[in-house]
A.B. asks: 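Have a look at the structure that comes next, please.
Sequence lines set the chain letters: A, B, ... in the order given, protein chains first and strands last, and positions in each chain run from 1.
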Protein chains: 2
Amino acid sequence: MAQSDTVDRILDAAEELFADRGFSETSLRMITSKAKVNLAAVNYHFGSKNALIHAVFARFLTPFSATLESAFNDLEQRCDGHPPTLNQTLWALTESAVRMPQRNEQGISIFMRLLGLAYTQSQGHLRKFLEQEYSQPFSRFMRLLKDATPQLSAVDRYWRIQFMLGATAFTMSSSDALRDILQNKLGVETTVQEIAARLVPFLAAGMQAQDTMLMPSFSEAPVA
Amino acid sequence: MAQSDTVDRILDAAEELFADRGFSETSLRMITSKAKVNLAAVNYHFGSKNALIHAVFARFLTPFSATLESAFNDLEQRCDGHPPTLNQTLWALTESAVRMPQRNEQGISIFMRLLGLAYTQSQGHLRKFLEQEYSQPFSRFMRLLKDATPQLSAVDRYWRIQFMLGATAFTMSSSDALRDILQNKLGVETTVQEIAARLVPFLAAGMQAQDTMLMPSFSEAPVA
DNA sequence: CTGTGTCTCAAACGTATGTTTCAAACAGAC
DNA sequence: GTCTGTTTGAAACATACGTTTGAGACACAG
């Protein structure tokens, strides 16, 4: 058989359309028309729309989780028994993402947006799929975070991790639009790497904020 | 005329269903069935599904923006010429949201999730509607942020505001699911107020992070 | 009571969706 | 060339959607 590229064309089109419009808002006909492929090909090759969504994630996430595993291995080896710091852990993740071989210049940006959508759109099947398939690197990252922030209570750490996730997913998912705005307003060019370089210190500082303030106060001094 | 409560019943049901499932994933038939109202009533009273979405936002956002304006007025008056601090500004926003009169016990939680969805779901009409109707309090908040972080360059501040926005929108948009997970994993109940109380210090610390690190380093000392 | 405008109701309309069907085209094995 | 399993193609399927329709119910003013 010709080992056709139909599957990849569908995945490429689906990835981009899902990132642009969300899952429910993207129809199979949009995908097959963008991919210049027959409508029935999706159900033939993937079985269902949900399975296609899973395949889009798997195509990126499977090699990425391998890259991430080895980055964590390197990190722990260098630290020689000591737990890696928060900055080191965050950078290991960031570098693994940025260094992934990319199909196009958007690459990581598209996928970050997809990950954000996976969390915000209530696609139960997707969350279940991701948890089942990629629990290992996720758990490992969580454990590294825990060891890097022993001063935090479990609840504090849980929420701050969600905050980090949100800042990252949101920013990366709309990084193209945000870069354009910055270009127009301040005349500054920005790369994804530079965004990451600004994001990591923000996250690290937030993660290590001194105390959880439970009441507002107007008599406080400026924090910094 | 009987001054029917159909309109409010529709708004209540729509608000809750939108928050649970997103906009595209919620059909008018779900809404009218939950509201125990005839299907045609939606188009009769609101004109279209999009107009209903706008009405759901307007019902909360119009009184909220008034509350916010007066909170900012109070804040600036107390500060007597000095620019309010970052913490004060963030708390003014948070408290205005939390103190809004609420229709039910969920209240602010539901609406936070809606606001998050408004950012993450690419509903062009919604974003346009919100920008047109509520640009003033938004601009004012941005100016307060600028005055509260004079040490930041315009570019740094721009990105860090995006990070804050992301952490907030993302967390709030999935706060129900996140609360459930926390409940199951650690057996902890959480209110939106508590989430906000954890979020604000995280944001303030990130906003005031000392330096933007441009390269990863393995020889660094732990930050805190 | 009659008339009028407001509102509800069941039913239908047109369109779009995900999925299925089945014949045709194709590639490689023999 | 012929056969066999794989892939494509155009069309149809059943279902769900947002929206519209027109008749009826209701409250109230005259």
Side-chain angles (χ1 to χ4, degrees), chain A residues 1-59 114 117-118 121-126 128-129, chain B residues 1-59 114 117-118 121-126 128-129:
Chain A
M1 64 194 114
Q3 181 55 313
S4 75
D5 58 340
T6 303
V7 169
D8 287 311
R9 299 240 302 284
I10 292 175
L11 285 174
D12 288 339
E15 179 177 283
E16 200 169 328
L17 285 171
F18 284 153
D20 275 357
R21 320 172 31 90
F23 304 110
S24 304
E25 295 82 355
T26 301
S27 71
L28 292 183
R29 284 167 177 83
M30 294 177 193
I31 295 171
T32 55
S33 132
K34 181 184 181 78
K36 293 191 173 65
V37 150
N38 187 269
L39 170 62
V42 171
N43 282 282
Y44 174 77
H45 286 288
F46 298 95
S48 70
K49 183 181 180 180
N50 281 352
L52 169 62
I53 296 177
H54 297 173
V56 167
F57 277 83
R59 184 170 63 152
L114 285 181
L117 288 177
Q121 312 226 151
S122 63
Q123 303 267 348
H125 68 96
L126 221 189
K128 204 163 296 181
F129 169 78
Chain B
M1 67 196 110
Q3 180 56 313
S4 77
D5 58 341
T6 304
V7 169
D8 288 310
R9 299 240 302 283
I10 292 175
L11 285 173
D12 288 339
E15 181 178 281
E16 199 170 327
L17 285 171
F18 285 153
D20 274 358
R21 323 172 30 90
F23 305 109
S24 304
E25 294 83 356
T26 301
S27 71
L28 292 185
R29 284 169 176 81
M30 293 177 195
I31 295 171
T32 55
S33 134
K34 182 186 181 75
K36 293 192 172 62
V37 151
N38 188 268
L39 171 62
V42 171
N43 281 281
Y44 174 77
H45 287 287
F46 298 95
S48 71
K49 184 181 180 179
N50 280 353
L52 169 62
I53 296 176
H54 296 173
V56 167
F57 276 83
R59 183 169 66 152
L114 286 180
L117 288 176
Q121 311 223 157
S122 63
Q123 302 267 348
H125 68 95
L126 222 189
K128 202 164 296 178
F129 169 77

A.B. asks: Considering non-hydrogen atoms only, spot the tightest contact between B/S24 and A/E25 and give its length.
C.D. replies: OG-OE2, 2.7 Å
A.B. asks: Rounded to whole Å, please give me the gap between CZ in B/F46 and C1' in C/dT8.
C.D. replies: 15 Å
A.B. asks: Would you tabulate the nitrogen or oxygen pairs shorter than 3.5 Å linking the protein to nucleotides 15-20 of chain D?
C.D. replies:
from	atom 1	to	atom 2	distance (Å)
D/dC17	OP1	B/S27	OG	3.2
D/dG18	OP1	B/K49	NZ	2.8
D/dG18	OP2	B/L28	N	2.8
D/dG18	N7	B/R29	NH1	2.7
D/dG18	O6	B/R29	NH2	2.8
D/dT19	OP2	B/N43	OD1	3.4
D/dT19	OP2	B/K49	N	2.9

A.B. asks: Step by step, would you call B/L39 with B/R29 a side chain to side chain contact (heavy atoms under 4.5 Å, CB included)?
C.D. replies: CA-CA 6 Å; B/L39 171 62; B/R29 284 169 176 81; 3.8 Å; yes
A.B. asks: I need the CD-P distance between A/E25 and C/dA16, as an integer number of Å.
C.D. replies: 16 Å
A.B. asks: Run the numbers on B/F46 and B/L11 for side chain to side chain contact (heavy atoms under 4.5 Å, CB included), then give the verdict.
C.D. replies: CA-CA 10 Å; B/F46 298 95; B/L11 285 173; 3.9 Å; yes
A.B. asks: Would you sketch DNA chain D in dot-bracket for me? Only Watson-Crick or G-U wobble pairs with both distances under 3.5 Å count, crossing pairs as [ ], other-strand pairs as |, the rest as dots.
C.D. replies: |||||||||||||||||||||||.||||||
A.B. asks: Can you tell me how far apart NZ (B/K49) and CG (B/N43) are? Round to the nearest 0.5 Å.
C.D. replies: 11.0 Å
A.B. asks: Is the ring pair B/F129/B/H54 parallel, tilted or perpendicular, if the boundaries are 30 and 60 degrees?
C.D. replies: parallel
A.B. asks: Establish, with yes or no, whether the OP1 or OP2 oxygen of C/dT6 is under 4.0 angstrom from a side-chain nitrogen or oxygen of B/H45.
C.D. replies: no
A.B. asks: Identify, with sequence neighbours excluded, every residue that meets side chain to side chain donor-acceptor pair (under 3.5 Å) alongside B/N38.
C.D. replies: none
A.B. asks: Start with the C-alpha gap between A/L114 and A/F23, add the side-chain angles, then the distance that decides, and say whether side chain to side chain contact (heavy atoms under 4.5 Å, CB included) holds.
C.D. replies: CA-CA 9 Å; A/L114 285 181; A/F23 304 110; 4.3 Å; yes
A.B. asks: Which whole-number value in Å describes the distance from A/K36 NZ to D/dT7 C1'?
C.D. replies: 20 Å
A.B. asks: Distance from B/I31 atom CD1 to B/D12 atom CG, nearest 0.5 Å?
C.D. replies: 11.5 Å
